[in-house]
Every structure is written in C-alpha cells, then in structure tokens.
Amino acid sequence: MQRILIADDDAAIRGVLRDLLQDEGFDVDEVDSGQGVIDALGKVNSSRPSLVMMDVRMPDRTGLEVLREKRTTNGEQLPIIVMTAYGTSNVAIEAMQLGAYDYLTKPFDLDDVLLTVQRYFEHQRLSEQVLELSSRLGERDPNEVLIGNSAAMQDVYKTVGRVARSEATVLVSGETGTGKELIATILHRSSSYARGPLIKVNCAALPETLLESELFGHEKGSFTGAINQRKGRFEMANKGTIFLDEVGEMSLATQKKLLRVLQEREFERVGGTISVKVDTRVVAATNKILAQEIEAGRFREDLFYRLNVIAIHLPALRDRMDDIPLLVEHFVQKHRFTPSSEPARVSQGAMDALMEYDWPGNVRELENLIERATVLSHGGVITEQHVSFFGADSRRLIDVGERLRRGTTIKELLHDIERQAFTEALSQTDGDRVAAASMLGLKLPEFNKRSANFDV
Ligand SMILES: Nc1ncnc2c1ncn2[C@@H]1O[C@H](COP(=O)(O)OP(=O)(O)OP(=O)(O)O)[C@@H](O)[C@H]1O
Ligand SMILES: [Mg+2]
C-alpha cells in the first residue's frame, strides 16, 4: 500500500485530505511542520512516505526551504506535491523548479487533489515500465529500445520475438517515423547474424544504375567511372543483415535482380560474369502499400511474396495514442538537457496537448518535439508553452474557454491568436511575406515588425 504524508499546520486541512486519501485506500500520516517532512523523508524503512503533500507556508520552515534542503545537485524529482494559496503561481513554479512533482492551489477542488495524486503514482509506474522494457530487450542503448504497450505493439513484440532467431526475410511496413528502421536494428541484434554487420541501403536515395552497383558491386570498367572493382552492399552484408529501406521505390529492373538474390542467394557484380554467393539476412521496409504498387504495375508480385515471408506492420501513433505517456517518459530519459541531468518532467497541460494532436510524423515527430522542449525548458518542467507542433499551429484552434479556465490574460491570449494568424498566413502563401501581409491587410513593414515578435 502507498503511504502519503500530509504536511500542513492547519489541522482542518489535514483532516479533509486524510479522509479523502484514506477513502481511496492510501495509508496516511500527518505532520504540522517543515522539519516533520525532512525527518520523514530521511527514514529508510517502510514508514518513509511514497508521496508528501506539503503546504508552502508553515511556521518553522517554508515548503521552499524544505525543497532546497532535500534537493539533490542534479535536480532529481522529489516525491512532493506542494500546496500553495491561490494566486501564488510564481511560488508554485519555483517549487517545481526545485524538484517538486506538481502543485495544488488552495482552496482546492478535491477531484483535482485525487487526480494529481493518481497522476504522481501513474508517473512512477510509467518510469518503472520504461526501465523494465529497456531491460527486457537486454539493451543498454536507448536508441534500440522499442516502447509501447498498446495491443498493436504487443502484436509487434510477439512477431519480433518469434522471427528474431530465424533467418526468414522480413518486410516491415508503416508510415514515416513509426520505427521501421528501429525494428530492423532490433531484428539484426537478436538474430544469429548479429555477429556480422548490419548494412543499410536506402533504395530511394539513388538513381537506378547507381543503386544496382551499390547493391551488387561492379567490375572494373563496367561503366564510365568504374575505375576499380567494387564490392556491393550484399557482399558487405555477408554473414550479417542487409536492410533495404524504401524497397517500394526500386525500379522494376532492379527488383528483378533482387528477386534472383532472394531465390538463389547469388548474383553477379554489374558488368561481371562470376557469381558471388552470400549468406545474408534480408529485412526490407516500405512506407508504401505494396499491394497497391503491385496493382499499379510498379512492384513485382513475385518479389513481394519473397520479401513478405514475415510481415511486421507498425501502427501509426494516432492509432495507439495510449502509448504516448510511455513514449514521452522514454524520450525525456533519452534526451537529457545535459548528460548528467535528471530527465525533464512534463506538465499535465503539455501532456494534454500531446494527446490531442494527430501526429502526422509519428514517433519521430514526438521524439523531436520532446528533445526540443527539453532544451527550451532547460531540462526542467515541460509545459504547454514548450510544446509546439511544426506546421500544426494553424490546425489547433485556440480554445478561448479552455484558456480562460486554465488562467490567462487577454494580452497572452491576443498574442497567441495573432501568432496563429501570422503563421497561418505565411503557410497559406508558402512563405511569401508580401502576399501574407496583404492577406492580413497590413503593409509589409508593419507585417515584418509585428511578425518579428513571433519568430515566424
Ligand atoms: N516504438 C518505439 N519506441 C521507441 N522509439 C521509437 C519507437 N518507434 C520509433 N522510435 C524512434 O523514432 C525515430 C524514428 O524511427 P525510425 O527511423 O525507425 O522510423 P522509420 O519508420 O524508419 O521512418 P521513415 O519511414 O521516415 O524512415 C527513431 O529515433 C526511433 O528510435
Ligand atoms: Mg526509416
């Protein structure tokens, strides 16, 4: 059972909170001073609280002093929720910067109190889960951990687990940024080919003739510029894995050659006659729907069946939104402000914004956003101000009612609306400032002057 300590010099408040939390099944202790909190957190046995709800104003030591005393040098989060009087949001923010998990303002709404407490324990659970997922895959490298708990991701784990040790060819599909390359890396690391290299080829990046020589190598003099014999990626990947990224972009002629390699495990270098044999695991990826490409005559059906021995489809992030908190936890751990910083923390407001967005760029977009927000927040608390969606500003309408409830001034609100107007005008005119200015009924100098406030 979780133990919560309530620290407040007002016995009436302690009583209300105690009843509330006990009803929810928590063990509750009380103290009436800052020293009481310091003593309790210093305990090492089971009477140490899992969470402290602490008033900021107490007779002996203020809550902020307690936080300063308990704070570790690297700014680790403390299991403390601070309670402040209404209208002292600067104190609340300072408390969070000193490591408090969150704050509540008095007089409080009891539902809010419970929500914040539950969110704290949920956050603890998520951090533990990230650690567990990392260790389950036996990986230390945060770049090679596959995160997600949704049903769709559970299916992915199962398939990865089943095929990892086999030699079967795998076709990974999914939208941009869903983790196709990550899957290829994990498949390689856990296979019997892991002692060999993982060689990646982006089939979309090269024109047809170069791609062939890239994949299969060439003999000296086989074409202008082929001064020496050169080994191709397939030869380099011998005893390892070759990752054919964007395989749907390959020309039909190259597809034919690839089919032969898959069938016979041998090929000739461009301009050559001797057959080269390779023992290579093939993992291919595509963000196209290959069935449609086959239909349109752009992809060979026989090659599709050779590649698609095992299919792994990665779901779009918007179809597994319940994975977002876990992914966010993973990315704040992965992208520290400095290598020795504790992970940044994410406010509920920022999390709400992340949960409302539709994620066209999937996990990569989420990861980039967290990385950027960590820098903007100096590794402290990521709030909704640090969370911005590239090109999406104009799609997220400003909800005036919601903003008023959350607390805003008319100045802030108008500033945000104005920024949205500038961004949207620039995006509708493809960045043409003259056209954007005229769209907003402004002369160019005025447009430039005002838009300079928004870094657009
Ligand atoms: N399930 C996941 N858990 C943790 N990190 C992930 C997950 N999926 C993707 N990522 C991270 O997101 C980023 C993008 O992933 P990746 O490059 O594998 O996507 P992709 O599907 O190959 O995208 P593209 O089609 O644009 O090439 C990487 O940094 C990757 O580590
Ligand atoms: Mg990729």
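One-based numbering, in listed order, for ligands and for the atoms of each. Everything quoted here is computed from the prediction, not taken from an experiment. Sequence positions, counted from 1, serve as the residue numbers for this chain.
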Using non-hydrogen atoms of the residue, decide whether Glu365 is closer than 4.0 angstrom to ligand 1.
no
Whether the side chain of His188 engages the backbone of Thr185 through a donor-acceptor N/O pair (distance < 3.5 Å, no angle test) should be reported.
no
Contact between Phe447 and Val434 at the side-chain level, heavy atoms closer than 4.5 Å - yes or no?
no
Under 3.5 Å: N/O of Glu181 near N/O of ligand 1
yes
Return the option from Glu175, Glu367, Glu246, Lys334 holding the heavy atom at the smallest distance from atom 13 (C) of ligand 1.
Glu367
Any donor-acceptor pair under 3.5 Å from Arg345 side chain to Gly380 backbone
no
Carboxylate-amine/guanidinium proximity below 4.0 Å for Lys277 and Glu266:
yes
Students often mix this up, so state it plainly: with edges at 30° and 60°, are the rings of His335 and Phe331 parallel, tilted or perpendicular?
tilted
Looking at ligand 1, does Gly174 have a heavy atom less than 4.0 Å from it?
no
Starting from atom 20 (P) of ligand 1, what is the nearest protein heavy atom, named by residue and atom, and what distance separates them?
Lys180 N, 3.5 Å
Basic-acidic side-chain contact under 4.0 Å: Glu249, Lys288:
yes
Atoms of ligand 1 close to Thr178 [distance to a heavy atom under 4.0 angstrom, numbered from 1]
8 (N), 19 (O), 21 (O)
Between Ser173, Gly148, Gly177, flag the one that comes closest to atom 23 (O) of ligand 1 by a heavy atom.
Gly177
Students should be able to answer this: which protein heavy-atom is nearest to atom 16 (P) of ligand 1, and at what distance?
Gly179 CA, 3.7 Å
Distance filter under 4.0 Å to Leu146 heavy atoms, resulting ligand 1 atoms:
1 (N), 2 (C), 3 (N)
Do Thr280 and Tyr193 make a side-chain contact, defined as non-hydrogen atoms from C-beta onward lying under 4.5 Å apart?
no
Does any non-hydrogen side-chain atom of Ile4 lie less than 4.5 Å from one of Pro49?
no
Here the atoms of ligand 1 under 4.0 Å from any heavy atom belonging to Val145 are 3 (N), 4 (C), 5 (N)
Is any N or O atom of Leu327, backbone or side chain, closer than 3.5 Å to an N or O atom of ligand 1?
no
Between the side chains of Glu181 and Arg364, is the shortest nitrogen-to-carboxylate-oxygen separation below 4.0 Å, so that they form an ion pair?
no
Looking only at protein heavy atoms, which one is nearest to atom 10 (N) of ligand 1, and what is the separation?
Val363 CG1, 3.4 Å
Any N/O of Thr176 closer than 3.5 Å to an N/O of ligand 1?
yes
Does Leu182, backbone or side chain, put an N or O under 3.5 Å from an N or O of ligand 1?
yes
If you measure from the Lys or Arg side-chain nitrogens to the Asp or Glu carboxylate oxygens, is any gap between Arg125 and Glu128 under 4.0 Å?
no
Distance-only, no hydrogens or angles: does the Glu293 side chain make a donor-acceptor pair with backbone N or O of Phe299 under 3.5 Å?
no
Show the atoms of ligand 1 that are less than 4.0 angstrom away from any heavy atom in Arg320.
1 (N)
Among all protein non-hydrogen atoms, which one is nearest to atom 14 (C) of ligand 1, and what is the separation to 0.1 Å?
Arg364 CB, 3.7 Å
Polar atom proximity, Ile147 to ligand 1 (N or O, under 3.5 Å)
yes
State the atoms of ligand 1, each with its element, that fall below the 4.0 Å cut-off from a heavy-atom position in Phe331.
5 (N)
